[in-house]
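See below for the structure under consideration.
All values derive from a computational prediction rather than experimental measurement. Below, chains carry the letters A, B, ... as their sequence lines are ordered, and counting in each starts from 1.
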Protein chains: 2
Amino acid sequence: MTTALHATVEAQACCAPLVAAPISPPDAEALARTLKALADPTRLRLLSLVAAHEGGEACVCDLTDPVGLSQPTVSHHLKVLVDAGLLTRDKRGVWAYYALVPGALDSVAAVLATRLRG
Amino acid sequence: MTTALHATVEAQACCAPLVAAPISPPDAEALARTLKALADPTRLRLLSLVAAHEGGEACVCDLTDPVGLSQPTVSHHLKVLVDAGLLTRDKRGVWAYYALVPGALDSVAAVLATRLRG
DNA sequence: CGTCAATATCGACAGTCGTCGATGGCTGCG
DNA sequence: CGCAGCCATCGACGACTGTCGATATTGACG
């Protein structure tokens, strides 16, 4: 599965309803799970560091120093981001290269900007 | 401020200097604080319920039943959302009316989609 | 095969979070 | 004035989270 952000949007976009249906509990749960992965300053910095790194990918040893945390902690945060579908993990030899999942952040942003609007 | 990102260039094959400035720790902290307010299924549902409610506003008594939680818990969640700048609180008589802050969600979405892109 | 380096996993600990019942402060109305 | 209803705050409790050090796993290289 890519992400659980595929909101149940029907193709009835011609007539904007006066009152939109609120988000369903399962959809809220799924969106909250993704947002929980993002709602940590260290993980936001890790995402940004990976994105800004040369080639758009970085390994753990590139990230421990900038965030100033231990290697197991950084590894843990990266796993959270991978499980949330925001990062990919590509192990080449001894090194594990992490990269942004294309469009993942945009999907979250789109849901926030459209699905919760009245 | 331009923090001196001394890029400790080692002789390691995996470490390379950053090519763009990542998000600053204070910015990450601020964004994480907002995302933390959003990263809860109940609060997402409350936001959606308020947005979908007649007139774009709702009081606590309108929300306790749909989310199925106690009144103090709903009140607590609404306070979190107000403190995060996502909801406004307007007390008229005995009732407290909550409404979406215009553009607040769009701002969060924009930061997610652009600031973390690298 | 033995060693070294990069990562992942484990166990533990302090801090935070979501939830509840009880309580108190307000406001409107008899 | 006194009662009733709406809401916020308080105190408590279980659950989850971020962090660490220690340890296990894996691949590269003599």
Could you check whether any side-chain N or O of B:Arg45 sits under 3.5 Å from a backbone N or O of B:Pro66, counting only pairs where one atom can act as donor and the other as acceptor? yes
[X] [atom1] to [N] [atom2]: how many Å, rounded?
X	N	atom1	atom2	answer
A:Leu63	D:dT19	CG	C1'	17 Å
A:Trp95	D:dA28	CH2	P	9 Å
A:Asp62	C:dT7	CG	P	8 Å
A:Lys36	C:dT16	NZ	P	16 Å
A:Leu81	C:dT7	CG	P	16 Å
B:Asp40	C:dT16	CG	P	18 Å
A:Leu35	D:dC16	CG	P	19 Å
A:Arg92	C:dA5	CZ	C1'	17 Å

If the cut-off is 4.0 Å, is A:Thr42 near the phosphate of D:dT19, judged by side-chain N/O to OP1 or OP2? yes
Looking at the side chain of A:Cys61, which of D:dC7, C:dT7, C:dT9 is the nearest nucleotide?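 Selected nucleotide (nearest to the side chain): C:dT7.
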Side chain proximity check, [X] to [Y], heavy atoms < 4.5 angstrom:
X	Y	result
B:Val50	B:Leu81	no
B:Asp106	A:Arg117	yes
A:Leu87	A:Leu100	yes
B:Val60	B:Gln71	yes
B:Leu38	B:Leu47	yes
B:Val74	B:Leu46	yes
B:Thr73	B:Val67	no

Heavy atoms under 4.0 Å, any strand shown: does A:Arg89 hit a base, just sugar-phosphate, or nothing?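 Result for A:Arg89 = sugar-phosphate.
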For a quick check of understanding: with a heavy-atom distance under 4.0 Å over all strands, which category does A:Tyr98 fall into, base, sugar-phosphate or nothing?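 Answer is sugar-phosphate: A:Tyr98 comes under 4.0 Å of backbone atoms only.
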Same cluster for B:Trp95 and B:Leu63 if Ile/Leu/Val/Met/Phe/Trp/Tyr side chains link at under 4.5 Å? no
Given axes from five pairs at either end, by how many degrees does the helix from C:dC1-D:dG30 to C:dG30-D:dC1 bend, rounded to 10°? 10°
First encountered from the 5' end of DNA chain D, between A:Arg43 and A:Val94: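 Taking each residue's closest nucleotide, the earlier one in sequence belongs to A:Arg43.
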Looking at DNA chain C, which of residues 66-78 of chain B put a heavy atom within less than 4.0 Å of it? B:Leu69, B:Ser70, B:Pro72, B:Thr73, B:His76, B:His77
